Each structure stands twice: as C-alpha cells, then as structure tokens.
Amino acid sequence: MQQQTSEQIRARLAEITKAQAAHAARDFDAEMLAIMQDGGNVDALEESQLEAERQARRLRVEKQALDGALPLALAREAQTELDGMSAGMADQLERFREAAKKAYNARVEAHKAKTIMLEIHSVRSAAFFRAKALGSQHGIAKATDPFRKLVSSRLDSLEFKSADCSTNWEYESSNKLDIDSTQP
C-alpha cells in the first residue's frame, strides 16, 4: 500500500465503495426467511452471510487504511515532481550569473566606447567651429567639410544614439558623416 500511486488508491477506494453499497443493499433476514420457508440449508446460508460480514469488515478496515495512505501518496508524488523541477533548474543560477556578467561587461565596454566617442565629438566640434570661423573670415568654401559630425547608423539601430555623443553641435543634416555607409 505504501508504494501505490494516488490513482491506484482512488481506484481501489471506488471498488470498495461499490462493494460496500452492494453489501448494504443485501437483506440477510429476508434471505434467511426465504431459505427457511423453502426448507433449504440454513447453515450454508449463515456461513455465506458470515463470510459476507467478514468481507465487509475487511473492506471497512482496508478503506480506512487507504484513506490514510492517500495523503501520503499525494505528498510522495508532489515531492517527486518538485525534485524533478529542482533538477531541471540546477544550472539556471550559474547560467543567469554568467549572462549577467556578460551583460555587465558589455555595458562597461559600451560606456568606455561612448566616452571615447564623446571625446572625439568634442575635438571635432571645436575644430568645426574654428573651421567655420576661418572659412567665414577668409572666404574659404567648404572649410567645415572635413569636420562633419560622425554618426553610426548601426549604433542608432540599437538605440545607442551616436548623436547623443554630441556637444551642442550646430549641424545641418548635410553636415553629418555616417561612418557605416559606403560613401565617404
């Protein structure tokens, strides 16, 4: 009984309930009256009735035992399921830790790259404004062309706006150079 599943226990309890209902529906006195009136073997009937009572008592005790075993079987099955779930998650802590470490390192590297981009934009911004002033003063056309604002369409697609690295740079859209495009 200790190794039975909850499904097996429930099935046996249903069988016992059915057998107990059949036993309860039996009228032993009416059976004995009919045998006596017919002149039949009363001793054989009594023996049959005693066996039926013995079986009914055995079924009552078995039902009590099964009723007590059912919660234990359910707990055993739940523990087996929990053990399986736990085993399936054993490596998740380490996988999560590794993924978090990679994400952190990538964020640190991205911050370093953004710092470099800010430095470059700062230098280019100063050069742009100086070239603009020199071009105006001395009538030099296209003096600011070599100092166009650098942008990256690949970074922009990742929502890491390379334009965010600017420092109040007054550019028209034509004064931007996409470093990821094929044209210079």
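Computed from a prediction, not measured in an experiment: that's the story for all the values here. Just so you know, these numbers use all the heavy atoms, side chains as well, and skip hydrogens, waters and symmetry mates.
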Within a reach of under 6.0 Å around [atom1] of [X], are more than 12 heavy atoms found that belong to other residues, nucleotides or ligands?
{"X": "R54", "atom1": "CZ", "answer": "yes"}
{"X": "Q137", "atom1": "CD", "answer": "yes"}
{"X": "R26", "atom1": "CZ", "answer": "yes"}

When you measure from the side chain of [X] to the backbone of [Y], do you find a donor-acceptor pair of N or O atoms at a distance under 3.5 Å?
{"X": "S86", "Y": "L82", "value": "yes"}
{"X": "R124", "Y": "P146", "value": "yes"}
{"X": "T17", "Y": "L13", "value": "yes"}
{"X": "R76", "Y": "Q4", "value": "yes"}

Under the salt bridge (charged side-chain N to carboxylate O under 4.0 Å, His left out) test, residues paired with E98 that sit two or more places apart: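 Testing E98 for salt bridge (charged side-chain N to carboxylate O under 4.0 Å, His left out), a comparison that skips the adjacent residues, returns none.
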For H23, the option from E53, Q55, K18 that meets side-chain contact (heavy atoms from CB on, under 4.5 Å):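 Per the side-chain contact (heavy atoms from CB on, under 4.5 Å) rule, the option paired with H23 is E53, out of E53, Q55, K18.
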Distance-minimising heavy-atom pair for I9 and A73: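 In this case the closest contact between I9 and A73 is CD1-CB, 3.8 Å.
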Shortest non-hydrogen separation from D67 to P71 and the atoms involved: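 Where D67 meets P71 most closely, the heavy atoms are O-CD, 3.1 Å.
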Apart from L45 itself, residues in the same hydrophobic cluster as defined by side-chain heavy atoms under 4.5 Å: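 The other cluster members (ILVMFWY side chains, heavy atoms under 4.5 Å, direct or chained) are M32, I35, M36, V42.
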Just so I know, are the side chains of [X] and [Y] near enough to count as touching, which here means a heavy-atom distance under 4.5 Å?
{"X": "L134", "Y": "R130", "value": "yes"}
{"X": "L74", "Y": "E77", "value": "yes"}
{"X": "R10", "Y": "E7", "value": "no"}

If you round to the nearest 0.5 Å, how far is [atom2] of [Y] from [atom1] of [X]?
{"X": "L66", "Y": "Q8", "atom1": "CG", "atom2": "CD", "answer": "11.0 Å"}
{"X": "F28", "Y": "L33", "atom1": "CZ", "atom2": "CG", "answer": "15.0 Å"}
{"X": "D91", "Y": "R97", "atom1": "CG", "atom2": "CZ", "answer": "12.0 Å"}

Evaluation steps, side chain to side chain contact (heavy atoms under 4.5 Å, CB included), between K63 and L59: CA-CA 6 Å; K63 183 179 183 313; L59 290 175; over 6 Å; no
N105 and E109: CA distance, side-chain angles, deciding distance, side chain to side chain donor-acceptor pair (under 3.5 Å) verdict: CA-CA 6 Å; N105 289 339; E109 290 303 314; over 6 Å; no
